[in-house]
Amino acid sequence: KVRCDILDLCPGDFSRTVRPGLPKLLEVELPWMSKALTADHMATIGLLPKWLPRLQKLVLDFNMAGDLGMCAMFEGLGHGDMPRLEGLSMINNNFGPSGAEAIAAALSRGALHKLDRLNIAGNPIGNQGVAALAAPLRKQPLRTLYLHRCQISDEGVAELSKCAQLETVNLTDCVQITETGVAAIIARCEQLHTVGSWISWSSDQDQLTGEPMLTDSVLSLYTVKLDMRAVDLRGCGNITDAGVAELAKCAQLKSVDLS
């Protein structure tokens, strides 16, 4: 693992000064906080896969790269690039639908084909950006997707529901999403156990934990979806007696916390 600051390097400088020591590294973390990265900086970062075939995790949070930066980074990625990358995090990079479409285009070209975790929280990609990503993600092994504060609604969630392999989706602070949208994605994605701001699941303890947005109808979907041994509904103000009654369907349930 290495922390690498290449903000002042152009692509040519990068290939001469940084490239020689990189091929054996498994993880590169670029911990730049609130830097105004230009398209040239992002294009330099886009060179990483050509010299880091073993790269497994790339963190580029809080860089404010924007749509132009995202396009510069991803436009050169094609089939076989980043072949071992499992985790990509680009929180708060100030990109919208066009930036999401740049990621989607790279995925469609066969890059990042082992991507398992994608975190693009805090970027206003909207329903258009989600729809662009959902198409190639259906063919990926992606299990975890963070979309909190991405300004999506039930329309965007409907596109995500086509990604049947999803296990965790974080939709925190996407205030336009209703229980109708959440119920739809839970019903269509059989492996989906955690929906951020609604519900989370611990497979180690077979425990379901309710989050503030949880409703009776969403809870009822999980009573037949999971073999729950414990349920924690503390702070779930939307749960009524009807929701609690649904828990009677859980034959393995041993404890419920309603405090």
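What you see is a predicted model; the values in this text were computed from it and never measured. Quick note: residue numbers are just sequence positions, from 1.
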Closest non-hydrogen atom pair, Ala104 against Ala132: CB-O, 3.3 Å

Other residues, nucleotides, ligands: >12 heavy atoms within 6.0 Å of Glu179 CD: yes

Sub-3.5 Å donor-acceptor pair from the side chain of Asp257 to the main-chain atoms of Ser259, do we have one? yes

Does the side chain of Gln128 come under 3.5 Å of the side chain of Glu101 through a donor N or O and an acceptor N or O? yes

Are Leu68 and Phe95 side-chain neighbours, meaning at least one heavy-atom pair lies under 4.5 Å? no

Which heavy atom of Gln207 sits nearest a heavy atom of Thr209, and at what distance? NE2-OG1, 3.3 Å

Residue pair Leu160 / Leu145: nearest heavy atoms and the distance that separates them: CD2-CD2, 3.6 Å

Do other residues, nucleotides or ligands put more than 12 heavy atoms under 6.0 Å from Ile91 CD1? yes

Would you say the side chain of Ile177 lies within less than 4.5 Å of the side chain of Val182, judging by non-hydrogen atoms? yes

Quick check on Arg149: does its CZ atom have over 12 non-hydrogen neighbours (other residues, nucleotides or ligands) under 6.0 Å away? yes

Evaluate the side-chain proximity of Met73 to Leu60: yes if any heavy-atom separation is below 4.5 Å, no if none is. yes

Taking side chain as C-beta onward, heavy atoms only, is His193 less than 4.5 Å from Glu167? no

Decide whether Asn170 and Thr172 meet the rule of one side-chain donor and one side-chain acceptor closer than 3.5 Å. yes

Please report the shortest heavy-atom distance between Thr168 and Leu192, naming the atom on each side. N-CD1, 3.8 Å

For residues Ile120 and Leu147, determine if any side-chain heavy atom of one lies less than 4.5 Å from a side-chain heavy atom of the other. yes

Please tell me if the side chains of Arg229 and Gln205 come closer than 4.5 Å, counting only heavy atoms from C-beta onward. no

Minimum heavy-atom separation for Leu142 and Leu166, please, with both atom names. O-CD2, 3.9 Å

Note: Glu159 and Val130 closest approach over all heavy atoms is CB-CG1, 4.3 Å

Any side-chain donor near an acceptor of the partner, Asn127 and Ser153, under 3.5 Å: yes

Does Lys114 reach the side chain of Pro83, with side-chain heavy atoms less than 4.5 Å apart? no

